[in-house]
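Counting convention: from 1, in listed order, for ligands and their atoms alike.
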Amino acid sequence: MRFDILSVVPELLESPLNHSIMKRAKDKGLLEVYVHNLREYAEGKHRQVDDYPFGGGAGMVMKPEPIAACIRHLQSERSYDAIIYTTPDGPRLDQSLCNRISMFNHVMVLCGHYKGVDERIRETFITHEISIGDYVLSGGELAAAILVDAVGRLIPGVLNDETSALFDSFQDDLLAPPVYTRPAIWEGKAVPEVLLSGHERNIDSWRHDQSLARTRMRRPDLYEKYERGG
Ligand code: 6GU
C-alpha cells in the first residue's frame, strides 16, 4: 500500500512513521509513504501556499493552485483509490473506516493547515474527509500520521500472530480486556487466577466477560452498537 501525503510542513511527518511497526512494514515492502512539500509546487519568488480569505476574517487559506498541481502530478503517475483531506470538520475516523481504507492500494492525504483549503479543492479532488476527534490541531499532519499508523498496521503481513489486529479494541465493537505479565504478584497485587490456570476455554470466556463489562462501563455508545450487532 502506498500513501502520498501533501503537506506545507513535511518535517512534521519525518519521525512518527519511521519506527516500530511502521518501520517494519516499510522494511518488508508492505507500506510506502512519500511526503510531498506543497511549497515545491507553488509559483513565484515567495512560493506562496496560503492567502487571505475572500470576505475577510482571521487566518489564512491554503491556495488551490499548488495543491492542484501536486495532486495532478501524482495522478499522472498512478491512479488513486482515495484522496483524503484531514480536517476537524470531517467525519470522525474510526476502526471501520480504517479497515475499509486498508483495502486500498494508492491513497493520497492532503493535510489541512491554517483556516483550511479553498473549498473548490474539496469539491474537485477530495473523495474522503477525516477528523481524528473533536479538538483542533494546528495542522493535519499529526492526523495524517495517525491515519497511516492505524491503517498501515491492518495491511496483511504487517502484524504477526502475537500482535494480530483481530483482537484489538474496536475490531468487534468491544474494548480489549485487561492484560498482565510477570511477576504474578507485584506489590501485593495478584494477577487474576484464571490467567495462570492454563485452561484456554475459561481464559477466553473470562476475557470476553471483561471486554463486555469494560465496554458497558466505559463506552456505553459502543456497547449499544455491539448489542445491536454492529
Ligand atoms: Cl484531521 N486536522 C486538524 N487540524 N485538527 C483536527 C483534526 C484534523 N482532527 C481533529 N482535529
Legend entry - Residue portion contacting ligand 1 (non-hydrogen atoms closer than 4.0 Å) for T87: backbone
Inset, instruction - Mind checking whether A143 contacts ligand 1 via backbone (N, CA, C, O), side chain (CB onward), both or neither, at a 4.0 Å heavy-atom cut-off? - result: side chain
Whether the [X] and [Y] side chains hold a donor-acceptor pair (N or O, under 3.5 Å, no angle test) is what I'd like checked.
X	Y	result
D4	H36	yes
Y226	E224	no
T87	E129	no

Looking at [atom], what's its closest protein heavy atom, distance included?
atom	answer
atom 3 (C) of ligand 1	P88 CD, 3.4 Å
atom 4 (N) of ligand 1	L137 O, 3.1 Å
atom 10 (C) of ligand 1	G133 O, 3.0 Å

Legend entry - Min N/O separation Y135 to ligand 1 under 3.5 Å: yes
Inset, instruction - Look only at interatomic distance and state if I130 has a nitrogen or oxygen under 3.5 Å from any nitrogen or oxygen of ligand 1. - result: no
Legend entry - Heavy-atom check, side chain of S131 versus side chain of D89, under 4.5 Å: no
Inset, instruction - Indicate the atoms forming the closest heavy-atom contact of N105 with D81, along with that distance. - result: N-OD2, 2.8 Å
Inset, instruction - Give a yes or no on whether E200 atom CD has more than 12 heavy-atom contacts from other residues, nucleotides or ligands under 6.0 Å away. - result: no
Against heavy atoms of [X], which atoms of ligand 1 measure under 4.0 Å?
X	answer
T86	1 (Cl)
I132	9 (N), 10 (C)
G139	4 (N)

Inset, instruction - Test D173 against every option in R228, R219, K225 by the side chain to side chain donor-acceptor pair (under 3.5 Å) rule and name the one that passes. - result: K225
